[in-house]
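As C-alpha cells, the structure follows; a few thoughts come after it.
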Amino acid sequence: MPAQSGDLHRDYVDDRNAKAQDTLYCTSNGAPYPHPYESQRAGENGPLLLQDFHLIDLLSHFDRERIPERVVHAKGSGAHGVYRTTNSLEDLSIADIFKEGKECPITIRFSTVGGESGSHDCARDPRGFSVKFRTEEGNWDMVANNTPVFFLRDPAKFPHFIHTQKRDPATNLTGADDSTMFWDYLSQNPESIHQVMVLMGDRGIPDGYRFMNGYSGHTFKLINKAGEWVYTQIHFKSKQGIKFITQADSASKSPDHSQKDLYFAIESGEFPGWDVSVQTMTPKEAEELWEKQKINVFDLTHIWPQKQFPLRKVGEFFLNENAKNYFAEIEQVTFNPAHMVPGIEPSADPVLQSRLFSYPDTHRHRVGVNYQQLPVNAPRTPYRIANFQRAGNMAFYNQGSRPNYLSSIEPVSFRNRTVDLNKTHGHFVGEAVTFLSEIRPEDFNAPRVLWERVFDDAARERFIGNVSGHMANCRDKEIIKRQIAIFREVSEDLASRLEKATGVKGYPGISGLRFNGTHNGMAKDDSLRAANGMTQKVGFSATGNNGAPTAGTHKSLAV
C-alpha cells in the first residue's frame, strides 16, 4: 500500500533512504519555512525577536545534540588564576571590577572548536578562550576566541556551519580525510572568507594555549555612572607572544600538546599572563564607520581598525594554579556570554544575541538546570544571593525555608538600579524584519589586507600549501571552483596560486554565482542575487546596510 499524506515521516525505511532533493525544509512541527539562515529582528539593525520560533527551535535542538560532551569546544584545557585592574576604566564603566587595583579570581578554559573530546590539540581550528571573572558583583563570563572574527554573521547559520565541521553523516570521516562538507559550506557563504584567511594562515595552529591572543569578536556596551555608553570590543594579548606550528610540524606533536604545555608551565612556576585591553567607539562613530568605511560593528566577520580605535589597557591576568581535578574544575566549568555585571551590556550584534540564549540553554541540558551551583561555576559575592529559582535536578543550595515568591512577610532586599536600560537599549525603532545578510565588496577588504600587507612571502606560501592540501580531500571539484572564485575577490595572485596548486581552474569571480547561504550583493544578474533561489518579490530579506547602524540609528541619543 502506498504511503499516504502524513505517513512519510513515520516510515523509518523511507526516511533513511530518501534523498535531500525529495524533502521540504520545515520547522520541527512540520511547518514549511522559506530559508534556514533567516532570523527575525526589530528593524534592519535591531535586536532579535523571541517570537522567532524557527531560530529558537533551531538553536534549542542544536544545543542538545551531544550527550554528555560539549557540542563544540569539546576538547579543552584550563586553569585558575587572578585578574587585576591596572588602569581604571571608571570613566567608561560602572563595573566594580574596573576600579584601579581591583582583583578577582578567574578560571579560564581554552579549547579547540570543532573536534571531539579525544581529538588532537594541534588541529587547524579556531581556539576558544573563555574567562570567568568572579567579581564582587557576580560572575562575568567573557566567551572569546583566538581569532577576532568568525565564519558567519547570521545566527541561524551556526548549527548548520558546525555540522559541516563535524563527521560526515555517511562516511563518518572528519575534514582531515574528507573535506567536502567543509569547503561546500564555505564556498556557499563567502562572508566566511576573513576567518578562512586567518584559519588557513599561520595562526591556525597555535603552539599551545599560552602563545595565542583572545578576542571578544562581538561588540558589547560599557555604561558609566552618568548613564552614557560606548561600544566596545575586548582583547586578551599574550604576554608570552604569539607562536605557531606549521602544518607539517603538527603531526610530530602530542595529541595533548597544548594541555601538556599549559599544565607543566604552571607547575614549574612559569605563570602565563595576558593583558586585557578594550577598543571603544561612540554610537556616532559606529554610524560613521559604516557610512564612510562600510565596517559594521554588529558584524562578527568585521574588525575595528586599531589605528582608528586604539587598544586601551585595563588590566592583566595570570594563571597560577592547575586544577586539582580536571573533570570537576575544567570539564564542568560553564561560560555564558549572558553573564554580565552592571556596567557591561550586550549590543545588537545578532550572533551575540543568539548566544545569550544558546549558551545557558546548552548548559542546562549538558550539566543540569542547577549548573551554577557547582563550586567551579558558583559566584563569590560578599552578599547572600536571593532569587526564586527552586528545585530541579541536582538542587543543592535550595534556599531553605525562605519564601519562593516576593513575600511581604519575609521580604528580600534590593539594590537600586545602576544602569538605565531604556537609555542603553531603547534607541531601536523599527518594524520586524526577516533578515539574511548578503555578500558585498567591503567583506573582502580586511582579507585583502591580510594577504597583501600582513602575510610575508613565506606565510603566503604556507597558506597556499595549507589550503590546497586540505582541498585535496574535497570530492567535488565544483566546490573548489567556487571557493577559488571567492579567493579571487580577495586577490588575483592568491587565486592564481591556488589554481596552480590544486590543478583546478576557478570561476572568474562571484558576480556570476548564486549562493545557497547568502544573498549575493555583487551579482551582475538580479536573478542570481537572492540566496537559494528565493524570489525577490516575496520574502527577499537583504537590506542595503547589512544590519549595520546607519546614520540616525541611535535615535534620541546625544551622539
If only atom types and distance count, is the side chain of [X] paired as donor or acceptor with the main-chain N or O of [Y] below 3.5 Å?
X	Y	result
D52	S39	no
D443	E191	no
N139	N377	yes
R475	N473	no
S354	P155	no
H120	K253	yes
N393	G368	no
H194	P447	no
D154	L436	no
R70	E331	yes

Are the aromatic ring centres of [X] and [Y] under 6.0 angstrom apart?
X	Y	answer
Y83	W140	no
Y185	H160	no
W274	F129	yes
F151	F161	yes
F463	W451	yes

side-chain contact (heavy atoms from CB on, under 4.5 Å) assessment of R482 paired with I486: CA-CA 7 Å; R482 296 176 65 90; I486 296 170; 5.6 Å; no
Non-hydrogen atoms of H470 and G175 that approach each other most closely: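 Looking at all heavy atoms of both residues, the closest pair is NE2-O, 3.6 Å.
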Atom of I464, atom of A501 and distance for their closest heavy-atom approach: CG2-CB, 3.8 Å
Sole residue of F211, F335, Y209 in ring-ring contact (aromatic ring centres under 6.0 Å, His included) with F110: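 Among the candidates, only Y209 passes.
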Salt-bridge contact D202-R462 (side-chain N to carboxylate O under 4.0 Å): yes
Lys/Arg N to Asp/Glu carboxylate O, K313 vs E316, below 4.0 Å: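 A salt bridge is present here (some side-chain N lies under 4.0 Å from a carboxylate O).
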side-chain contact (heavy atoms from CB on, under 4.5 Å) assessment of V490 paired with E452: CA-CA 9 Å; V490 175; E452 295 179 350; over 6 Å; no
CA sep, side-chain torsions, deciding dist, call: K75, S117, side-chain contact (heavy atoms from CB on, under 4.5 Å): CA-CA 4 Å; K75 177 69 180 298; S117 59; 5.6 Å; no
Candidate pair K166 and E116, rule salt bridge (Lys or Arg N to Asp or Glu O under 4.0 Å), full reasoning: CA-CA 9 Å; K166 297 292 188 177; E116 300 145 0; over 6 Å; no
Qualifying residue, where the test is side-chain hydrogen bond (donor to acceptor under 3.5 Å, both in side chains) with T107 and the options are K132, E329, R134: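 Of the listed options, the one satisfying the test is R134.
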Verdict with supporting geometry, E267 and N322, side-chain hydrogen bond (donor to acceptor under 3.5 Å, both in side chains): CA-CA 7 Å; E267 285 297 291; N322 279 313; 2.9 Å; yes
Candidate list L89, T232, T280, test side chain to side chain contact (heavy atoms under 4.5 Å, CB included), partner R312, passing option: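 That would be L89; it is the only one of L89, T232, T280 passing the side chain to side chain contact (heavy atoms under 4.5 Å, CB included) with R312.
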D178 and T180: side chain donor to acceptor below 3.5 Å: yes
Donor-acceptor side-chain pairing of S358 and D63 below 3.5 angstrom: yes
Candidate pair H54 and E38, rule side-chain hydrogen bond (donor to acceptor under 3.5 Å, both in side chains), full reasoning: CA-CA 9 Å; H54 171 260; E38 289 179 344; over 6 Å; no
Residue pair I266, H80: steps toward the side-chain contact (heavy atoms from CB on, under 4.5 Å) verdict: CA-CA 10 Å; I266 295 173; H80 309 301; over 6 Å; no
